[in-house]
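The block underneath contains the structure these notes are about, expressed in structure tokens.
These numbers were taken from a predicted model, which means no experiment stands behind them.
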Amino acid sequence: MADRHGKVAAPQHVLLVDSEPARAALLEQALKDAGYTVDKQVHGDRSLARLVAESQPDMIIIDIDAPDRDVLEQMTQLSRSNPRPVVMYADEDDTAFVEQAIQSGVSAYVANGMRPDRVKATLSVAVARFREFQNLRQELDHARTELADRKLIEKAKGLIMTHRGVNEDDAYRALRKMAMDRSCRLSDVARNVIDIFDITQE
Amino acid sequence: MFSSVYSAVRPRPLKLGFVPLLDSAPLAVALEAGYFESEGLHVELHREASWSSIRDKLVFGLLDGAHMLAPLPLACSLGLGSVHKPVVTSLALGLNGNAVTLGQPLYNELQRLCGLDRPGPAALARALRQFLDNRSSERQITLATVFPYSMHNYLLRHWLSLGNIDPDCDLNLVVVPPDMMVSALNSGEVQGYCVGEPYNGLAVHEGIGRIAFTGHDLWPEAPEKVFGVTAQWASTYPDTHERVVRALLRACQWLDDPANHQDLGKLLSRPDFVGLDAETLQGAVAQMTAPAGSDLPCTHKLFCAQGGTAPLPERMQWIAEQMLRWQQITQPVSGELLGQVYIPEPYNAAAKSLNLPVTGELSVTSGPLTP
């Protein structure tokens with residue numbers, strides 16, 4: 001692998017700590033594709049201090065909400081006796097970039113000697129993957145809600161059909177009219193209808 | 001430009017961060033008792049997993065204010081361990097509340113060396129010195145605190161120095177998150193720690209540790225947590241700042257009244273607050289004002305009493321001295337910088353409106369135990 005100056009750079013070693021296995025896998029692949037070697041921890045069952053000592057990473061990428069982060073803060077203080085990671089947020093000119101990282105849930109620590117441009121490139125990869133994961137999860141949540149909504153509407157329709165002796169189209173129209181009159185969501189009306197039938201049946 | 005009347009109130013909901021500990025109670029109480037609301041504030045509380053997260057989210061504007069370790073505003077303002085961004089505090093969130101817990105085997109050994117049933121902090125530190133001198137080389141001692149810039153770290157180091165122990169050479173000091181302390185003690189990863197409740201009492205309940213002494217034994221009325229905001233936020237929203245401080249101040253008054261303690265454990269056990277079981281928290285709450293059995297000493301946790309909420313420079317001066325003493329910084333902190341970090345104005349305005357003493361009327365009467 002050649003860097004900007006045409007010199008061959010040794011592969012950088014990244015320690016990835018993330019309790020979200022799918023997200024960690026996504027980022028691990030992206031980092032490997034970019035030529036990094038990666039150690040990954042997705043379960044917090046091993047001491048982070050020991051893991052760092054064993055892994056000797058050039059950079060640690062860790063979920064911003066990991067409780068273990070404070071452990072790394074201590075390690076940044078021990079550099080007198082041992083070359084340890086230092087906190088990443090040194091690039092003070094670029095607060096917008098760091099804000100973005102924090103917002104997407106990335107925090108990072110780098111070892112002394114890792115070049116700032118490499119740090120930023122790696123962090124960009126992490127931020128992009130964390131965002132991708134965030135979007136995926138949102139889409140999934142959205143799809144789940146939609147499916148649940150559709151089930152509710154079907155059930156409400158069925159109840160109206162049996163109890164009022166109307167056909168499917170009329171039942172649906174009745175629901176839609178109620179939603180429009182009350183300016184609320186169709187699924188909310190459906191939920192109300194189901195609740196009311198539940199009560200009247202008791 | 002808008003006049004200050006319009007610009008002074010923060011428009012969108014205020015996001016306040018906290019780490020789920022007993023002393024984050026003022027935020028939960030201010031929200032639940034409606035103190036924020038009566039100040040016209042719409043507040044969202046954000047539970048954070050670490051002090052690093054609190055700091056990063058605050059300095060990069062994802063939080064408006066936060067429950068934080070007393071040394072943290074100064075550490076941020078000095079750029080220690082992070083980006084250099086001034087953070088200020090105008091409100092302390094009470095005094096005391098920490099304790100040092102030692103693993104049962106180590107405590108037993110120190111007790112034997114002291115020849116005392118209930119050795120105090122100084123005797124224990126001297127016994128630990130003796131223990132370190134006699135031990136075989138493979139028996140390393142590791143003690144834990146919660147963060148490098150914390151009262152826990154400075155109190156533990158101060159205690160060790162009473163026994164003439166150099167915390168950077170004679171043993172290992174590590175950081176362990178509070179809720180992992182008990183398991184670290186149990187697995188033998190650490191032999192003791194300094195942490196706030198309920199994580200001392202939990203080790204006692206599980207029969208793996210002894211509360212060697214409380215922070216109050218070492219320094220009665222020691223600072224502990226504060227409410228921090230960035231300097232930029234404080235100067236942009238002085239009116240909102242005063243309102244937040246007043247709401248929290250009322251919560252601290254509420255917390256000092258033992259009549260409210262029954263409700264407190266229940267409130268804090270909610271998963272959006274501390275989230276531990278109500279019984280454990282109720283025990284920790286009871287220990288704030290009285291011992292809860294022979295192995296569970298009173299922690300003397302005060303919120304508003306003894307000027308516990310006032311940003312008094314004398315208390316902060318000690319923190320600055322510890323940073324220098326333990327080589328976290330190389331130059332002494334100037335009085336000017338301390339004056340920029342610990343700002344009395346919002347506190348004094350809020351205190352006056354509640355008929356509480358202002359900073360000028362309060363003084364610090366106690367300091368840490370000396371050899």
Main-chain N/O of B:Tyr149 paired to A:Glu73 side chain as donor or acceptor, under 3.5 Å
no

Pairwise side-chain contact, A:Asp70 with B:Ser52, heavy-atom cut-off 4.5 Å (strictly under):
yes

Taking every heavy-atom pair that is under 4.5 Å apart, which of B:Leu80, B:Val175, B:Asp179 has the most such pairs with chain A?
B:Val175

Taking the side chain as every heavy atom from C-beta outward, state whether A:Arg69 and B:Arg55 have any pair of such atoms under 4.5 Å apart.
yes

Which portion of B:Val146 sits near chain A, non-hydrogen atoms under 4.5 angstrom
backbone

Please name the pair of heavy atoms, one in B:Pro177 and one in A:Pro67, separated by the smallest distance, quoted to 0.1 Å.
CG-O, 3.4 Å

Can you confirm whether B:Lys85 is buried at NZ, in the sense that more than 12 heavy atoms of other residues, nucleotides or ligands lie under 6.0 Å from that atom?
yes

Does CG belonging to B:Asn164 count more than 12 external heavy atoms closer than 6.0 Å?
no

What's the separation between atom CG in A:Asp68 and atom OG in B:Ser50, rounded to the nearest 0.5 Å?
9.0 Å

If you count heavy atoms of other groups shown closer than 6.0 angstrom to CZ of A:Arg182, is the number above 12?
no

Between B:Val174 and chain A, which part of the residue has a heavy atom less than 4.5 Å away: side chain, backbone, both or neither?
backbone

B:Ser53 and side chain to side chain contact (heavy atoms under 4.5 Å, CB included): which single residue from A:Asp63, A:Asp65, A:Ile102 fits?
A:Asp65

Just wondering, are more than 12 heavy atoms of other shown residues or ligands nearer than 6.0 Å to CD in B:Gln232?
no

